[in-house]
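Quick caveat, the model's predicted, so the values are computed rather than measured.
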Amino acid sequence: MAPSTSHASVLLIATILALLLAATPITCWRPWPHLKPNSSDLLYDSSKKFEGSSEFVHLRYHMGPVLTGNITVHTIWYGRWEKSQKKIIREFINSISTVNARPPSVSGWWRTVQLYTDQTGANISHTVHLGQEKNDRFYSHGKSLTRMSIQSVIKSAVTAKSKPLPTNPKNGLYLLLTSDDVYVQDFCGQVCGFHYFTFPSIVGYTLPYAWVGNSEKLCPGVCAYPFSVPKYIPGLKALKSPNGDVGVDGMISVIAHEIAELATNPLVNAWYAGQDPSFPVEIADLCEGIYGTGGGGSYTGQMLLDHDGATYNMNGIRRKFLVQWVWNHFVSYCTGPNALDQ
């Protein structure tokens, strides 16, 4: 979590950002810079405990749908992607539901997400699997995308004449991943990823989707932290990434962030804190920058060190990953499978 800030300053920043972002998709903020407007820093003061614990966080259910059926992730690879990069991301998504990974595992992390329910008491689905994929290697909408043109990219994928992605509004998630040479509106300066739902007027359907960008060329110190660090912070050393790809390893936590929030708040009317659904604080926002026990301020928490010196906190099927924790509304603090008190 970010360092303490006075109430007046935090409220002023929150008000300005709320006005600026009220009509925008739900954003994923990252650990740098220190003040994260879409995070728990806006919800509780300097007395907060480590790991985000706070009695001042009021995460509520607003009666909207959550993803209780088997979840299918349909991926759109926009731009040029190496096969090795795709393998890392595919294995992470496949690891969400696996029962064979060593603890602490990605599937153990997902069990916190499964605690959330709909109005009938049905829990978020245990099953998350890869669906069909679409490659857009020729940048059909250019190398600079706006938030609205992202929806047009999704429309192209679901209406393509050859092998269109299936439309599954109930349990399908659409994950648009942009390569390291693609700029997206507000990328690096404000966001590393966001989620929302498509507009029928553009796509023809209401589909929950997320966008996440590869920041390796544009802003790895912002969006791939802690595997890269900002140049303006002298003396801070980057950690070795577990899969040897700084950009993609940095994307993994953002992808996890967005999938967790899409499952619990797909139409932005289910689980979130705050009064304004256009500027909600969701289950991953509350724990951003926390990867282990003791996390808080600019400290990521206690993580694990692999034999080759790489840093991680969760095991997948065959790979290791670094994934931020998520908010557990039963105990009112951030939890993860690598917690030392488990």
Ion pair present between Arg80 and Asp181, side-chain N to carboxylate O less than 4.0 angstrom? no

Distance check, rounded to the nearest 0.5 Å: [X] atom [atom1] versus [Y] atom [atom2]?
| X | Y | atom1 | atom2 | value |
| --- | --- | --- | --- | --- |
| Tyr78 | Thr178 | OH | OG1 | 9.0 Å |
| Asp118 | Thr68 | CG | OG1 | 5.5 Å |
| Met303 | Leu239 | CE | CG | 5.0 Å |
| Tyr183 | Cys188 | OH | SG | 7.0 Å |
| Arg90 | Trp77 | CZ | CH2 | 5.5 Å |
| Asn94 | Arg318 | CG | CZ | 8.5 Å |

Using a 3.5 Å distance criterion without hydrogens, assess whether the side chain of [X] forms a donor-acceptor pair with backbone atoms of [Y].
| X | Y | value |
| --- | --- | --- |
| Ser105 | Gly108 | yes |
| Asn135 | Arg137 | no |
| Asn328 | Thr335 | no |
| His74 | Tyr174 | no |
| Gln85 | Glu82 | yes |
| Tyr61 | Gln119 | yes |
| Trp327 | Leu59 | no |
| Asn313 | Val323 | yes |
| Asn315 | Pro104 | yes |
| Thr198 | Leu207 | yes |

Give the ring-plane orientation class for Phe194 versus Trp211, where under 30° counts as parallel, over 60° as perpendicular and anything between as tilted. tilted

Using every non-hydrogen atom in the two residues, find where [X] and [Y] come nearest and quote the distance to one decimal.
| X | Y | value |
| --- | --- | --- |
| Tyr209 | Leu262 | O-CD2, 3.7 Å |
| Tyr205 | Thr167 | CE1-CG2, 3.5 Å |
| Ile259 | Ile93 | CD1-CG1, 4.4 Å |
| Asn265 | Ala270 | OD1-N, 2.8 Å |
| Leu267 | Pro65 | CD1-CG, 3.8 Å |
| Lys155 | Ile202 | CD-O, 2.9 Å |

Identified side-chain contact (heavy atoms from CB on, under 4.5 Å) counterpart of Val128 within the set Val73, Thr72, Asn70: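 Only match with Val128 under side-chain contact (heavy atoms from CB on, under 4.5 Å): Val73.
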
Side-chain donor-acceptor contact under 3.5 Å, [X] with [Y]:
| X | Y | value |
| --- | --- | --- |
| Asn123 | Gln114 | no |
| Glu282 | His257 | no |
| Trp325 | Asn338 | yes |
| Ser149 | Ser152 | no |

Output, in order, the C-alpha distance, side-chain angles, deciding distance and verdict of side chain to side chain contact (heavy atoms under 4.5 Å, CB included) for Ser179 and Tyr139. CA-CA 10 Å; Ser179 57; Tyr139 310 90; 4.0 Å; yes

Can you list the steps and then say if Trp81 with Asn214 is a side chain to side chain contact (heavy atoms under 4.5 Å, CB included)? CA-CA 10 Å; Trp81 289 89; Asn214 185 336; 4.1 Å; yes

According to a hydrophobic-cluster definition based on side-chain heavy atoms being under 4.5 Å apart (Ile, Leu, Val, Met, Phe, Trp, Tyr only), do [X] and [Y] belong together?
| X | Y | result |
| --- | --- | --- |
| Val99 | Leu130 | no |
| Tyr312 | Leu305 | no |
| Met63 | Ile124 | yes |
| Phe138 | Val182 | no |
| Ile283 | Leu115 | no |

Is the distance from the ring center of His62 to that of Tyr272 below 6.0 Å?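 Centroid distance His62-Tyr272: below 6.0 Å, so yes.
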
Taking the six-membered ring for Trp, are Phe321 and Phe92 closer than 6.0 Å centroid to centroid?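 Between Phe92 and Phe321, which both carry aromatic rings, the centre distance is below 6.0 Å.
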
Quick one, Ile150 with Leu176, criterion side chain to side chain contact (heavy atoms under 4.5 Å, CB included). Give me CA distance, side-chain angles, the key distance, then yes/no. CA-CA 8 Å; Ile150 279 178; Leu176 173 59; 3.5 Å; yes

Is any side-chain heavy atom of [X] closer than 4.5 Å to a side-chain heavy atom of [Y]?
| X | Y | value |
| --- | --- | --- |
| Lys134 | Thr75 | no |
| Lys87 | Arg319 | yes |
| Leu67 | Leu173 | yes |
| Thr300 | Ile290 | no |
| Glu133 | Leu165 | no |
| Leu322 | Pro226 | yes |
| Arg147 | Val191 | yes |
| Ile255 | Leu177 | yes |

Check the pair His129 / Ser97 against side chain to side chain contact (heavy atoms under 4.5 Å, CB included), numbers first and verdict last. CA-CA 7 Å; His129 58 82; Ser97 298; 6.0 Å; no

CA sep, side-chain torsions, deciding dist, call: Asp306, Lys240, salt bridge (charged side-chain N to carboxylate O under 4.0 Å, His left out): CA-CA 10 Å; Asp306 205 0; Lys240 184 177 180 180; over 6 Å; no

List the steps and the verdict of ring pair (Phe, Tyr, Trp, His ring centres under 6.0 Å) for His329 and Tyr116. CA-CA 8 Å; His329 63 303; Tyr116 291 86; 4.0 Å; yes

